[in-house]
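Working notes for the structure below.
Just so we're on the same page: letters track the sequence lines, and every chain starts at 1. Quick caveat, the model's predicted, so the values are computed rather than measured.
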Protein chains: 2
Amino acid sequence: MDPAKPSQELLRSLTDEHVLRALMRYRRLTRAELAAETGISKPTAGESVRRLVEAGLVVDTGQRTPGGRGRGRVGSYYSLAPDVGAALAVSIAPEGVVAESINAYGDLVARAEEPIGRPARPDDVTAALVRAVDQVRDLVEASQEAEFRASGIRPRVAVVSAADPVDRGTGRLLQLPDAPFLLGEIDPVGVLAGRVSGVVHVDNDVNWAAEAERAAMPVDDFAYVYLDEGLGCAIVSDGEVRRGRRGVAGEVAHLITVGPGGWAMPLIEVFGELGLRRRNSTAIDVDLLLEKRPAEVVVAVGGLIAALATLIDPEVVVVGGRWGTHLVEAIAGEVSRSPRPVRVRAAAVEFEPSLAGARADALHRLRELIVAR
Amino acid sequence: MDPAKPSQELLRSLTDEHVLRALMRYRRLTRAELAAETGISKPTAGESVRRLVEAGLVVDTGQRTPGGRGRGRVGSYYSLAPDVGAALAVSIAPEGVVAESINAYGDLVARAEEPIGRPARPDDVTAALVRAVDQVRDLVEASQEAEFRASGIRPRVAVVSAADPVDRGTGRLLQLPDAPFLLGEIDPVGVLAGRVSGVVHVDNDVNWAAEAERAAMPVDDFAYVYLDEGLGCAIVSDGEVRRGRRGVAGEVAHLITVGPGGWAMPLIEVFGELGLRRRNSTAIDVDLLLEKRPAEVVVAVGGLIAALATLIDPEVVVVGGRWGTHLVEAIAGEVSRSPRPVRVRAAAVEFEPSLAGARADALHRLRELIVAR
DNA sequence: CATTCTAGTCAGGGCTCTTGCCTAGAAAGG
DNA sequence: CCTTTCTAGGCAAGAGCCCTGACTAGAATG
């Protein structure tokens, strides 16, 4: 049965959920403010606060409404208890690992960055991941503010962005045949399992970048094309990132497009054909590409975007990645001359887009955990 | 706010919804059976029945529990009131129009078929649509069973399948440049608006066929490739048909694939190149194609499926349509030799797949209307 | 020091759900 | 034919949740 079973308990839990969400949003509220904010009556809101304090989810901050509000009785501010916990957001890229601890308000509690030497070997990447996460834990532990100390040491949930295809079922990084594979066979779930009390959720960095883009703009159907050392693509349909069966939707290296001379050819081979792949690596040589800016690359990407436009009918195609952002205008021009033109523009979220998406999801998951009990 | 506001009214409506859904499923139940089935207590279930009878949504059938059940007091059977209404499911294809009236149990109440002469001109199609729908209404009206008469004359919702691209916003048929366009500029919403008391929902026939396929098998991510006079493709991701911004996701005629001689070329042009398009029409000549079975067509479809596999990562690609079903094995063989093989099989729903999908959606929408009040 | 004004509580009441018991009434069995 | 058995449905009591409206506590204002 889809709809929840009707019961008084359902009502009560709904009330508590409203109160908790209001506190997540406004950080601290008096009982009266809670009632006004949630639309619940004052006695009911007060009763809910009493329950939640008893359950340890909400605390009296000790703060009182300041005189500045005018006359009247002073109110007690309540907020979420420190031990509702924190979430971990991690970005793993060839340049390095970034780990952040986020509390239920969405505040950044601690952050650590660990560079990775070139070329990135799987063991180095795993080691950097461990160092970054442990450093965040230490930072939280050393924090002066007691409220953070209790909450962040062992995150309740972790969300990881990785710059390679990720298996949707296992969370492991996946080497697809002949496609750029930047990090190697990392298993973030295994590494983090002991350091997180709950779920470790891993996904591809482009999917997270698309998630950040989605949150930043009111478009329900778009594609995010990521053009950097690796090639990536994320699909947002009906307002959600669509990952496909195994989670490798948008792994476009093998998409057949127009190659040099008009031949049909997989996208990744275009770069090989033009001598734009790094020696001893499947990665694209971005510096060389930006120096030469070959028209063939623009045409090939145009073929990719035409395929996206045809198959998923996006409102707009967002282009990101180091060389993607540089060539976005040439690509848009190429697409506008195709038989099915579609709007093309550069990504709106420019700073750490993948981490931004992972962070937003980590916050969302943490809040769900708190509300669900 | 996402979660519903807690209130006593919410509980009551949830109870009523449970009762209504149980009646939709089991057709007739006594109060005691309703309580057992929904898990709600007897007095509450009884009270809900009283409310729903008063609201006119439920009626005492007059039937009583037969002695066959053993001793004990006889119970009264309740079922949905006849005037909860019916839904209309319509399929518009070049061969003709089929219209069906469906009641809230999912029973076929009436059905009419109207052929269309070749070639199908827009006016003929619209006329056939009108005739079919009116004939269904007359059949319902003439029905001996009073219960159907009251319910089906003016459907509460209509779901239409059309064998051309459909604009998601307006429900109109959409001519895409140079793609096969079989029916012409029909406006089913305009035609049916006066004949239906509620919404008229139109979508492409391949999307509906995919919907029927989805209901028939436990797969959340697949693509449905439809190969007939027109070329179509539907994408099911995370358990739902994804239509894209305008609703023309999967209009694959212009997808770039491998053409004769290895040249990159839009899929539809492959058929022109091979002389497989009908004279004075954008449609594919299916008989000729099935006679010649050119290897180039299999290769071109293989390119389409490779693009689908790459971009949306389906668990399986389902092939339907007149020549698709005949060539499915050759296509599967071609795909299995590609660098990203994916399972390919023929569609499971063979009889009127589009109508089956539209019918299921019509039923779903009708039930939602009844439950929502 | 009286007034004003707000946070929080209390009292009363309505509604929904549940449990447990009772009644109606037909079939089964002697 | 009468008693027993057994189930559908109703009734009564009670608990829980939410709401309205009134009241109390207590600080700032003037």
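At distances below 3.5 Å, not a single donor-acceptor pair connects side-chain atoms of B:R195 with backbone N or O atoms of B:V133.
Counting heavy-atom neighbours within 6.0 Å of A:Q63 CD, excluding the residue itself, gives a total above 12.
With the nearest nucleotide of DNA chain D identified for both A:K42 and A:R73, A:K42 has the one nearer the 5' end. Comparing A:G75 and B:E47, the nucleotide of DNA chain C nearest to each residue sits closer to the 5' end for A:G75.
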Between the protein and nucleotides 11-14 of chain C, list every N/O to N/O distance that falls short of 3.5 Å.
{"unit_1": "C:dG14", "atom_1": "N2", "unit_2": "B:Q8", "atom_2": "NE2", "d": "2.9"}

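Between A:K5 atom NZ and C:dT18 atom P the separation is 5 Å, expressed in whole Å. As rounded to whole Å, 16 Å separates atom C1' of C:dA7 from atom CD of A:Q63. Taking atom NE2 of A:H18 as the reference point, atom P of D:dC18 lies 11 Å away to the nearest angstrom. One interatomic measurement links the two molecules: CG of B:D60 to P of D:dG9, which rounds to 9 Å at whole-angstrom precision. Counting to the nearest Å, the P atom of C:dT18 and the CZ atom of B:R31 are 17 Å from each other. The separation between B:L34 atom CG and D:dT7 atom P is 18 Å, rounded to whole Å. Atom CG of A:L11 is separated from atom C1' of C:dT16 by 9 Å (rounded to the nearest Å). Rounded to a whole Å, the CD1 atom of A:I40 is 12 Å from the C1' atom of D:dC19.
Within the 4.0 angstrom heavy-atom criterion, no nucleotide atom of any strand lies near A:G46. Across all strands shown, B:S7 has no heavy atoms under 4.0 Å from either base or sugar-phosphate atoms.
Close to D:dC17, at under 4.0 Å from its OP1 or OP2, lies no side-chain N or O of A:T15. Residue A:S76 places none of its side-chain N or O atoms closer than 4.0 Å to OP1 or OP2 of C:dA7. For the pair A:T44 and D:dC19, the criterion of a side-chain N or O lying under 4.0 Å from OP1 or OP2 is met. Residue A:S41 has no polar side-chain atom (N or O) positioned under 4.0 Å from OP1 or OP2 of D:dT20.
Looking at A:Y78 and A:R31, their side chains do bring a donor and an acceptor atom within 3.5 Å of each other.
Residues B:R154 and B:S197 meet the side-chain proximity criterion, which asks for heavy atoms closer than 4.5 Å.
The pair A:R214-A:E211 counts as a salt bridge, with a side-chain nitrogen and a carboxylate oxygen less than 4.0 angstrom apart.
The two residues B:V189 and B:G171 make their nearest non-hydrogen contact at CG2-CA, 4.1 Å. The two residues A:T61 and A:S79 make their nearest non-hydrogen contact at CG2-OG, 3.0 Å.
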